**Q** 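My structure is below; once you've seen it, I'll send some questions.
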Amino acid sequence: MKDGYWAGGVKMFKPNGNGRYVYDNGDIYEGMMKEGRRQTESKGSFRTAKFIASDGAVYRGQFSTHRFHGDGRMKLADGTNISGKFVQDRIQVDLHKFADGGTWSGYFFKFHMDGPGTLLFGNGDRYVGAMHLG
């Protein structure tokens, strides 16, 4: 786990239960922890939690084993929104529109374009291929 501080329950010296973790890099997690990991599943039901990145991007949704996993929505730092089903920090989007008019059809990993897809720039230029944390 990254350095920071936890305000919430503790079990066996690890964050456990509901609370708030503020990481040294400025990221914030508000929700359930299980044995020191972000986890929103409890007894077969899912709750939602919130992760705020230091750049202002926000994820609200489900977590599993410290990752975005399940139904969720992201608001990127530029104000654009993405929602759907996340699998291990990754989501596939059919069409994501950016504030400058550009679009991305492909995958996001956490808050970044990542994997195969098509990027159409606001000026009409097109890129087809893979992005790595773009």
Side-chain angles (χ1 to χ4, degrees):
M1 172 158 303
K2 297 177 183 177
D3 291 332
Y5 65 89
W6 168 252
V10 175
K11 182 177 181 181
M12 299 297 291
F13 306 104
K14 294 180 180 177
N16 202 69
N18 201 35
R20 177 182 169 103
Y21 201 104
V22 179
Y23 298 90
D24 284 347
N25 69 354
D27 293 347
I28 299 170
Y29 172 77
E30 297 173 344
M32 295 292 293
M33 291 278 228
K34 183 177 181 181
E35 298 175 4
R37 294 195 167 284
R38 297 185 294 254
Q39 181 81 22
T40 58
E41 183 180 9
S42 177
K43 299 178 184 171
S45 64
F46 283 91
R47 299 178 182 165
T48 60
K50 181 165 74 170
F51 181 85
I52 306 164
S54 57
D55 69 355
V58 177
Y59 170 82
R60 284 183 166 86
Q62 298 169 336
F63 287 80
S64 179
T65 318
H66 220 55
R67 296 175 185 250
F68 305 162
H69 192 80
D71 294 327
R73 60 186 195 272
M74 285 192 298
K75 184 173 187 175
L76 302 179
D78 70 1
T80 57
N81 294 293
I82 301 169
S83 62
K85 181 143 319 256
F86 288 76
V87 177
Q88 299 296 311
D89 285 339
R90 186 176 295 278
I91 185 172
Q92 181 177 4
V93 295
D94 293 327
L95 184 67
H96 170 72
K97 294 182 180 181
F98 294 98
D100 70 356
T103 61
W104 168 251
S105 296
Y107 291 88
F108 275 85
F109 179 73
K110 295 191 178 177
F111 300 107
H112 305 281
M113 293 178 291
D114 189 75
T118 301
L119 178 63
L120 180 62
F121 294 89
N123 66 4
D125 290 347
R126 177 184 301 262
Y127 169 78
V128 178
M131 298 291 278
H132 180 66
L133 300 178

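We're numbering straight along the sequence, starting at 1. As the structure is a prediction and not an experimental result, all values here were calculated from the model.
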**Q** When hydrophobic residues are tied together by side-chain contacts of less than 4.5 Å, even through go-betweens, does Tyr23 share a cluster with Met74?
**A** yes

**Q** Can you find a heavy atom in the side chain of Met131 that is under 4.5 Å from one in the side chain of Asp114?
**A** no

**Q** Flag yes if Met33 and Val22 sit in one hydrophobic cluster, no otherwise; membership is Ile, Leu, Val, Met, Phe, Trp, Tyr, and two members link when side-chain heavy atoms are under 4.5 Å apart.
**A** no

**Q** Among the clusters formed by ILVMFWY side chains lying less than 4.5 Å apart, do Met32 and Phe13 turn up in the same one?
**A** no

**Q** Rounded to the nearest 0.5 Å, how far apart are OG1 of Thr118 and CE of Met113?
**A** 11.5 Å

**Q** To the nearest 0.5 Å, what is the distance between CG (Asp24) and OH (Tyr5)?
**A** 9.5 Å

**Q** Could you tell me whether the side chain of His69 reaches within less than 4.5 Å of the side chain of Val87, counting heavy atoms only?
**A** yes

**Q** Write down the atom of Phe51, the atom of Asp27, and the distance for their closest heavy-atom approach.
**A** CZ-OD2, 3.5 Å

**Q** How long is the span from the CZ atom in Phe108 to the CG atom in Leu76, to the nearest 0.5 Å?
**A** 5.5 Å

**Q** Once rounded to the nearest 0.5 Å, what's the spacing between atom CD1 of Ile91 and atom NZ of Lys110?
**A** 15.0 Å

**Q** Could you pull out the closest heavy-atom pair between Gly31 and Ala49, with the gap in Å?
**A** CA-CB, 3.9 Å

**Q** Check ring-ring contact (aromatic ring centres under 6.0 Å, His included) between Phe109 and all other residues, then give those that pass, not counting sequence neighbours.
**A** none

**Q** About how many Å separate OG of Ser64 and NZ of Lys34, when rounded to the nearest 0.5 Å?
**A** 9.5 Å

**Q** Who are the side chain to side chain contact (heavy atoms under 4.5 Å, CB included) partners of Phe121, not counting sequence neighbours?
**A** Leu119, Asn123, Asp125, Tyr127

**Q** State whether the number of non-hydrogen atoms from other residues, nucleotides or ligands found under 6.0 Å of Glu35 atom CD is greater than 12.
**A** no

**Q** I need the Asn16 CG to Trp6 CH2 distance, nearest 0.5 Å.
**A** 8.0 Å

**Q** For the pair Glu30 (side chain) and Lys50 (backbone), establish whether a donor and an acceptor sit closer than 3.5 Å, ignoring hydrogens and angles.
**A** no

**Q** What's the shortest heavy-atom distance between Ala77 and Asp55, and which atoms?
**A** CB-O, 3.5 Å

**Q** With no hydrogens and no angle check, is any side-chain donor or acceptor of His66 less than 3.5 Å from a backbone partner on Arg38?
**A** yes

**Q** Under 4.5 Å between side-chain heavy atoms, counting indirect links through other Ile/Leu/Val/Met/Phe/Trp/Tyr residues: same cluster for Phe68 and Val58 or not?
**A** no

**Q** So, for Gly36 and Lys14, which heavy atoms are closest and what is the spacing to 0.1 Å?
**A** N-CB, 3.8 Å

**Q** Would you call the rings of Tyr29 and Phe63 parallel, tilted or perpendicular if under 30° counts as parallel and over 60° as perpendicular?
**A** perpendicular

